[in-house]
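All remarks here apply to the structure that follows.
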Amino acid sequence: MRRPTAEPTVEQLPGPNAREWVDFHRNAAAPSTSVYDFVWDITEDAVGPFCTDPDGNVLLDFTSHVASAPLGYNNPKLLDKLSTFDLVDPLKIAGQDFYLSTGGTPDDTALPGPAHLMNTLTEITEQYGFDTVFLSNSGAEAVENALKICYDHCETPKYGLTFEGAFHGRTLGALSLNRSKSVHRRSFPELSGIHDVPHSLEGVRTLREKLDHDSGHVPPEEVAFLILEPIQGEGGYTVPEPEFMREVNDLCETHDIPLIADEIQSGLGRTGELWAADHYEFEPDVITSAKALRVGATISTSELFPDETGRLSSTWGAGDVLSSILGTLTIEAIREHDLLEHATRAGNRLLSQLEEIQRTRPESVVDARGLGLMTAIEFESAERRDAVLEAALQRGLLTLGCGHRSLRLLPPLDVTDRELDIATDLLAAAIDETDPTAG
Ligand SMILES: Cc1ncc(COP(=O)(O)O)c(C=O)c1O
């Protein structure tokens, strides 16, 4: 398969081999996980956003594995570098409990390990003054540890602040901050003292009132953190107004409340900047990262992190050595190949194509939005969104839902114009095919 000429081609989806793999997976998988009805065959051809399933169908993947594969499949920017490593054992190290050498000296080693990843993360958060990183295994753990350092730092930690539409992960602590899908959170025990407000200027005004020393009922010195996704992800790819972000920032500064930016979906170039926060007048005190980074990371300042030994730890923090290498090389590739600039240009093109789809189909598409390559279109109902998603899949375009009735498109950061054109043509055809008013 060659990227410049590859085309999505679907014969039958799911085909007989895919059905067998799905049955095999479901045989022992917890039934409540929600799994996409598509099978990636990792032994078959895949390049850029194109991948192959076990029946030979070729799909154009605009999910990037929910932002976890920002460089697409078999990207030479990663593979060429990986192939130079003589990695004896892709060890799963006890990352936070043991020091690790990758040969030679730290400044002169062929292989970037977890310590290189942590140092690189402080380099790319220099604008926020960050100098300290805790690596973990997932986004939810990155969030949990962000909460822990904020609770630890606050003398009287009683409250936390979150926004409607938020999604921060599925561990019990992270769940307490979620205000998107009820299925994630319903009836599970929660952290106490979490206040939520609308994700709007009105919401920030409400927060101001709550935190007001005279008339409010939430003493700011008892608020351990405010957490938000600079661009809400699972909640619907909501891009906030600059004024909203400025106001949130001001409020936290005024009351000295640590501000956590959850960049697990929006970070590492997805929006055309390394962090979505970089687009705004917004100065987080903590950033959480994962997905594209391949490991979880809580990034902040040494003042905020506890220094008591054993206060934070994780056996497999930083995952295996290979994950740390991939995380470091992904950041390197983004910087070396100007992928931020590319994602900005490609994102503008994709957004104008989506706006055109909306303009020509106003009965079906009620909104088109995005920043960089974090884009979505919204339909008049969840049923219609689901129908379009399935019709697009049958035409060879993989997409994901988000929010209540939106469909997200998040291609690899090096997506080409040709790939954008194929995707938006397929999407437009899927919308027309599922139009209930069409004769
Ligand atoms: C913004 C955000 N925070 C946290 C998480 C949780 O990450 P993980 O699924 O790796 O635990 C996600 C995952 O989708 C996310 O999008």
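For ligands, and for the atoms within them, numbers begin at 1 and follow the listed sequence. Being a predicted model, the structure only gives us computed values, none of them experimental. Heavy-atom basis, side chains included; hydrogens, waters and symmetry copies ignored.
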Identify which of R170, E141, Q265, Q232 has a heavy atom lying nearest to atom 9 (O) of ligand 1. R170
Here the atoms of ligand 1 under 4.0 Å from any heavy atom belonging to A140 are 6 (C), 7 (O), 8 (P), 11 (O)
Flag for E273-Y280: side-chain donor and acceptor within less than 3.5 Å: no
For the residue pair R3 / T416, report whether a side-chain donor-acceptor contact shorter than 3.5 Å exists. no
The closest protein heavy-atom partner of atom 12 (C) of ligand 1 is F167 CE2, 3.5 Å
Of all the non-hydrogen atoms in the protein, which one sits nearest to atom 14 (O) of ligand 1, and at what distance? K291 NZ, 3.1 Å
Using distance alone, determine whether G139 and ligand 1 share an N or O pair under 3.5 Å. yes
Is it true that, when you exclude K181 itself, more than 12 heavy atoms of the residues, nucleotides or ligands shown sit nearer than 6.0 Å to its NZ? yes
If we only consider heavy atoms of D262, is any one of them less than 4.0 Å away from an atom in ligand 1? yes
Using a 6.0 Å cut-off, check whether atom CD of E336 has over 12 heavy atoms from anything other than its own residue. yes
Using a 4.0 Å heavy-atom cut-off, which part of E229 comes near ligand 1: side chain, backbone, both, or neither? side chain
Is the centre of the F163 ring less than 6.0 Å from the centre of the H168 ring? no
Which of the numbered atoms in ligand 1 are below 4.0 angstrom from a heavy atom of E234? 14 (O)
Should we say atom CG of D425 is surrounded by more than 12 heavy atoms from elsewhere, each under 6.0 Å from it? yes
T238 and H199: side-chain donor and acceptor closer than 3.5 Å? no
Short version for A290: what comes under 4.0 Å of ligand 1, heavy atoms counted, is neither
